[in-house]
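Atoms within a ligand are numbered from 1 in the order they appear, just like the ligands themselves. Treat the numbers as computed from the prediction; the structure is a model and nothing was measured. The analysis underlying the following values was restricted to heavy atoms, covering all of them including side chains, and did not include hydrogens, waters or symmetry mates.
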Amino acid sequence: MKKFSWIDRWRVPTYDNPNHMKTADLFFNAAKCTQCGICVKVCPGGCIVTDKVTKKDLMKDMRKAVKSGVPHVDVLKTGATLCIACFDCGAACPHGAISIKRNFDPKYYYKRLTQTSDMVLPKKY
Ligand code: SF4
Ligand code: SF4
C-alpha cells in the first residue's frame, strides 16, 4: 500500500485542476443508446449533456426526453469533468450503453471508497 507523507494527508486537491485530481469520463455506445435522456436526468453532478439538450432542458420539458441525442460527459475548460464515476447513469440506463473510459482518482490521500476500475452496478439489498 502506498505511503503518504503528512503533506499528502494535509493537502486538499482542487477539483477542477487535472494536476490535482483525475476526473472521470465515460463512453456512450451510440449503437445501443436510444437517446432516452434518463442518464442526463439522473446524474447527480449534472455533467451529462447531449448536443440537443441539457439536464435543465429535460427537467423543464419531459417531452424532450424523446430522442434527446447521444449523451457525453461535459468537459470543463481545464480539461476536468464533474464526473465522479458513481455509475448512477450506468445503473439507470435500460440498454447497458454506458461504460468507463477514464476512472476517477482524487490523488493525494483522498481515495474513492468503493468503486473499482471496472464500473459495476450498485449492490442489490
Ligand atoms: S458516473 Fe455518476 S457522476 Fe459520472 S456521469 Fe454517471 S451519474 Fe454522473
Ligand atoms: S440512459 Fe442509456 S439509452 Fe438512455 S440516453 Fe443515456 S445512454 Fe442512451
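- Judged by distance alone, the side chain of T14 and the main-chain N or O of N17 form no donor-acceptor pair under 3.5 Å.
- When non-hydrogen atoms are compared, ligand 1 lies under 4.0 Å from the backbone of A85 (N, CA, C, O) but not from its side chain.
- Around atom 8 (Fe) of ligand 1, the closest heavy atom drawn from C43, C86, C47 belongs to C43.
- Scored by the side chain to side chain contact (heavy atoms under 4.5 Å, CB included) test, C39 finds F28, I48, P71, C89, I98 as partners (sequence neighbours excluded).
- Taking the side chain as every heavy atom from C-beta outward, T23 and R102 approach each other to under 4.5 Å.
- Evaluation of the salt bridge (Lys or Arg N to Asp or Glu O under 4.0 Å) rule for D74 yields no partner, not counting sequence neighbours.
- The main-chain N or O of A24 is found under 3.5 Å from a side-chain atom of T81 such that the two form a donor-acceptor pair.
- Counting only protein N, O or S atoms, the number found under 2.8 Å from atom 6 (Fe) of ligand 2 is 1.
- Note on V73 and V70: same hydrophobic cluster, where clusters join Ile, Leu, Val, Met, Phe, Trp and Tyr whose side-chain heavy atoms are under 4.5 Å apart, directly or indirectly.
- Checked against side chain to side chain donor-acceptor pair (under 3.5 Å), T78 has no partners two or more places apart in sequence or in another chain.
- Remark: ligand 1 atoms within the under-4.0 Å shell around heavy atoms of L26 are 5 (S), 6 (Fe).
- Which parts of ligand 1 touch C83 is read off a 4.0 Å heavy-atom cut-off, strictly below it: atoms 1 (S), 3 (S), 4 (Fe), 5 (S).
- For the pairing with L82, the side chain to side chain contact (heavy atoms under 4.5 Å, CB included) check across D16, V75, L76 returns one residue only, L76.
- Near P44, meaning under 4.0 Å from one of its heavy atoms, ligand 1 places the atoms 7 (S).
- Residues F87 and I100 are members of one and the same hydrophobic cluster, defined by side-chain heavy-atom contacts under 4.5 angstrom among Ile, Leu, Val, Met, Phe, Trp and Tyr.
- For ligand 1, the atoms closer than 4.0 angstrom to any heavy atom of F87 are 1 (S), 2 (Fe).
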